[in-house]
Amino acid sequence: MSAELRSNFLRTQIENDLAKGQVSELVTRFPPEPNGFLHIGHAKSIAVNFGLAEQFGGRCHLRFDDTNPEKESQEFIDSIQEDVRWLGFEWSGEVRHASDYFEQFYEWALYLIEKGMAYVCDLSPEEAREYRGTLTEPGKNSPYRDRSAEENRSLFCRMRAGEYADGERVLRAKIDMASPNINLRDPILYRIRHATHHQTGDQWPIYPTYDFAHGQGDAVEGVTHSICTLEFEDHRPLYDWFIKHLPVPHAPRQIEFARLNTSYTVTSKRKLKQLVDEGIVSGWDDPRMPTIAGLRRRGYPAEAIRHFCEEVGTSRSDSLVDVAMLESAVRDRLNKFAPRAMCVMSPVRVELTNLLVPLQLSVQNHPSDSSFGHRELTMNSALLIDRDDFREQANKHFKRLVLGKRVRLRGSVVIEAESCDKDENGNVTTIYARCVTQEAGLDPEDGIKPKGVIHWVCASTAIPAVVRRYDRLFCTPEPGRSENLLDVINPHSLTILDDVMVEPALRDANPEAVFQFEREGYFVADRFDHVSEKPVFNLVIGLRDTWSDKNV
RNA sequence: UGGGGCGUCGCCAAGUGGCAAGGCAGCGGGUUUUGAUCCCGCCAUUCGGAGGUUCGAAUCCUCCCGCCCCAGCCA
């Protein structure tokens with residue numbers, strides 16, 4: 001990766017901890033709950049955790065925070081692993097699960113009971129809410145708060161034995177019902193859920209809460225820096241409370257950073273699901289989705305996503321990053337690594353009146369990197385160019401083909417338009433032109449140079465393809481803030497062009513291969529739909545355009 | 001009106017008492033067989049506001065203002 005790693009508070013903190021010898025090796029973890037697909041926000045967290053481990057020569061674990069079996073599944077465990085790998089990271093050791101430590105957590109719960117720091121509470125969820133108090137009023141002690149250790153142990157063991165119904169009892173820590181921090185008002189450690197768990201099956205009728213599992217999981221794994229997002233900051237006193245009172249083998253430290261938000265994007269699971277359910281997109285991996293699977297299918301390179309995450313920095317201030325920054329990272333990467341090709345989106349025929357013998361052309365695959373080599377193109381008298389690249393007449397700003405004017409064909413000769421045929425509606429059907437030069441790389445002998453260059457394909461050898469042009473899914477920078485998501489959907493987020501013509505070699509493009517279609521943008525052969533019999537390309541991102549909106 | 005955070009250029013973001021990096025966006029100009037890329041230049045006398053400490057403050061202190069998070073047996 002790049003040599004420039006900007007300073008941020010996490011790196012500074014870790015440098016200090018390492019320098020002072022407080023930790024000898026950095027250990028981080030990426031702890032997703034397997035209850036949905038990963039999105040760009042998770043990518044940031046992944047980049048932070050794995051990136052830090054990489055930078056400081058430490059290790060990063062992948063641990064599934066699987067404490068809520070009713071919402072989780074193996075399907076998500078699989079897709080999350082695929083996404084992390086695709087992003088270019090490899091976790092240290094085996095995949096871990098919070099559920100791997102359920103027995104240990106249970107032992108620790110018993111330990112707290114013995115020490116009088118936890119009790120079984122019979123309050124119903126509704127009653128518990130009333131006892132909890134509000135943001136401004138303290139809570140009240142549960143009437144079950146002073147049960148003896150023996151009674152608590154017995155009750156808790158019977159909870160584990162499955163003797164009670166869901167929701168009937170919980171195990172709570174005995175901390176302080178009057179704490180201004182609601183997380184410390186006797187938080188729940190275990191709840192009863194007679195649910196089959198994707199990893200542990202029917203072994204457990206009780207499951208630990210996030211608060212009781214996360215820090216202890218970190219402790220078991222020797223995690224030194226447990227990096228999470230800002231909304232967990234209020235949980236830190238509780239995190240520390242468990243670490244302090246339990247005989248854990250190691251004391252991890254929680255540090256929070258601001259989650260990534262990007263403009264024109266929504267990442268809430270509920271809203272993403274709504275897009276899928278209402279058919280606004282084709283699925284969780286639709287190329288317009290901010291999911292990792294969606295970005296991948298869109299053709300965004302993993303390297304660009306990683307670079308973007310580094311570029312935006314890591315801080316503690318809530319922010320909304322301009323999605324143009326992500327797009328810039330994508331263009332930057334693709335400009336260097338995407339081979340060039342030609343694709344005519346809206347074909348119109350050109351007859352070269354004076355080309356008697358077909359030209360064999362050798363065209364560079366990359367304008368500034370010869371290692372991409374050359375490709376052989378045949379050009380005969382029948383060509384296809386884009387409808388937008390021809391006008392019967394135009395002002396001086398138009399640098400393409402105009403009747404009586406010249407233009408260069410990319411990688412080939414200079415032509416001059418002489419006349420055109422039109423149908424009854426006035427649409428141009430055929431343009432007649434003559435070659436002004438006889439071979440590629442030459443300028444006209446009369447010294448009248450063409451003003452521009454246009455792309456083309458050979459009418460007889462080009463092959464048809466489908467192009468899906470994607471645009472932003474939303475027409476407002478903060479779609480998540482609107483009352484109804486459907487009100488801010490961009491109705492033009494997808495345009496399908498099914499009569500485009502591409503160079504014949506593109507038939508053999510591998511799925512997920514990205515090309516720059518010259519003068520148009522970057523396009524990726526669809527991961528699933530592209531086949532040589534019917535090539536399908538998705539627009540990754542258009543070329544930067546500093547001209548179109550300034551002119552008519 | 002309880003608690004916890006955050007406020008540096010349009011958007012991100014360095015900076016931790018010595019005189020405001022960088023990226024994105026934007027704007028000029030140059031090169032160019034992609035109106036792309038690339039290159040050059042411009043873009044915060046000022047760090048949410050007001051006081052104070054200091055030879056010196058974005059950095060320390062005080063007060064004020066604004067925004068975000070927390071009352072799941074979700075994570």
Side-chain angles (χ1 to χ4, degrees), chain A residues 4 6-8 12 31-33 35 65 67-68 70-71 121 123-125 128-129 132-139 166-172 179-185 187-193 206-207 209-211 213-214 228-237 256 258 260 262-263 308 310-329 331-332 335-336 340 342 363-364 366-368 397-400 407-412 414 440-441 443 449-455 477 516-521 542-548 550-551:
Chain A
E4 320 307 324
R6 187 182 25 265
S7 150
N8 66 47
T12 303
E33 183 187 13
N35 70 342
D65 229 332
T67 56
N68 191 4
E70 291 166 316
K71 293 187 175 173
C121 181
L123 252 24
S124 70
R129 194 185 323 126
R132 190 154 40 231
T134 68
L135 293 178
T136 52
E137 304 157 39
D166 286 7
E168 202 174 328
R169 294 181 216 270
V170 294
L171 181 73
R172 304 174 71 178
S179 172
N181 180 343
I182 292 177
N183 294 117
L184 262 19
R185 320 242 261 230
I188 291 169
L189 273 44
Y190 273 90
R191 69 284 214 196
I192 300 172
R193 285 284 176 282
I206 56 173
Y207 292 94
T209 54
Y210 163 84
D211 285 311
H214 202 94
C228 62
T229 44
L230 250 26
E231 68 267 28
F232 290 101
E233 187 151 29
D234 288 342
H235 293 245
R236 195 170 66 225
E256 314 82 19
L260 169 69
T262 47
S263 60
F308 165 70
E310 174 58 29
E311 288 271 278
V312 299
T314 304
S315 76
R316 287 173 63 85
S317 35
D318 289 314
S319 60
L320 181 67
V321 175
D322 191 339
V323 75
M325 250 172 116
L326 209 208
E327 295 172 344
S328 168
R331 285 197 186 96
D332 185 61
N335 175 50
K336 294 186 185 78
R340 314 283 122 128
M342 291 192 282
V363 181
Q364 277 197 311
H366 194 289
S368 55
H397 298 298
F398 191 74
K399 306 200 324 191
R400 313 174 203 176
V407 80
R408 187 184 300 275
L409 295 175
R410 180 63 164 158
S412 184
V414 176
D443 284 332
K449 290 188 184 179
K451 288 207 298 198
V453 182
I454 63 172
H455 56 96
Q516 184 198 99
F517 290 163
E518 295 202 61
R519 301 208 310 132
E520 293 284 356
L543 255 25
R544 193 158 159 269
D545 181 1
T546 53
W547 176 79
S548 63
K550 289 182 195 168
N551 294 271

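All chains are named by letter (A, B, ...) in the order of the sequence lines, taking the proteins before the strands, and each is independently numbered beginning at 1.
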Euclidean distance, [Y] [atom2] relative to [X] [atom1], rounded to 0.5 Å:
X      : Y      : atom1 : atom2 : result
A:H455 : A:R410 : NE2   : CZ    : 11.0 Å
A:L326 : A:S263 : CG    : OG    : 9.5 Å
A:Q364 : A:R340 : CD    : CZ    : 10.5 Å

For this session: With the side chain of A:D332 defined as its heavy atoms from C-beta on, choose the nearest nucleotide among B:C38, B:U1, B:U34.
Result: B:C38
Exercise. In terms of side-chain heavy atoms of A:F398, which of B:G35, B:U34, B:G5 is nearest?
Worked result: B:G35
Please work out if [X] contacts a base, only the sugar-phosphate, or nothing of the nucleic acid, heavy-atom cut-off 4.0 Å.
X      : value
A:S263 : nothing
A:R410 : base
A:E327 : nothing
A:R185 : nothing
A:G411 : base
A:P367 : base
A:G441 : base

Exercise. Hey, which of these two, A:S7 or A:K399, hits RNA chain B nearer its 5' end, going by closest nucleotide?
Worked result: A:S7
Exercise. If you find the nucleotide of RNA chain B closest to A:A440 and the one closest to A:R316, which residue's nucleotide is nearer the 5' end?
Worked result: A:R316
Problem set entry | Under the salt bridge (Lys or Arg N to Asp or Glu O under 4.0 Å) test, residues paired with A:D332 that sit two or more places apart | A:K336
Problem set entry | Set of salt bridge (Lys or Arg N to Asp or Glu O under 4.0 Å) partners for A:R172, sequence neighbours left out | none
For this session: Just label B:G7 as syn or anti from its O4'-C1'-N9-C4 or O4'-C1'-N1-C2 angle, using within 90° of 0 for syn.
Result: anti
Please list, pair by pair, any protein nitrogen or oxygen found under 3.5 Å from a nitrogen or oxygen in nucleotides 19-26 of chain B.
from: B:G23; atom 1: O2'; to: A:E311; atom 2: OE1; distance (Å): 2.4

For this session: Ignoring hydrogens and angles, state whether a donor on the side chain of A:S319 or A:S317 is under 3.5 Å from an acceptor on the partner side chain.
Result: no
Exercise. Hey, is the side chain of A:T12 poking within less than 4.0 Å of OP1 or OP2 on B:U16, counting only N and O atoms?
Worked result: no
Exercise. Going by modelled atom types, is there a donor-acceptor pair between the base of B:U34 and the side chain of A:E520 at under 3.5 Å?
Worked result: no
For this session: Can you label the angle between the A:F232 ring and the A:Y210 ring as parallel, tilted or perpendicular, going by 30° and 60°?
Result: tilted
Problem set entry | Check ion pair A:R6-A:E310 (N to O, under 4.0 angstrom) | no
Exercise. Where does RNA chain B pair, written as one dot-bracket string 5' to 3', with Watson-Crick or G-U pairs under 3.5 Å, ( ) inside the strand, [ ] for crossing pairs and | for another strand?
Worked result: .(((((((.[[[..)..(...]]].(((((.......))))).....[[[[[..)....]]]]])))))).....
Exercise. Sequence neighbours excluded, which residues qualify as ring pair (Phe, Tyr, Trp, His ring centres under 6.0 Å) partners of A:F308?
Worked result: none
For this session: Would you give a per-nucleotide map of nucleotides 69-75 of chain B, 5' to 3', where B means the base has a protein non-hydrogen atom under 4.0 Å away, S means only the sugar-phosphate does, and - means neither?
Result: BBBSBSB
Problem set entry | More than 12 heavy atoms from other groups under 6.0 Å of NZ on A:K449 | no
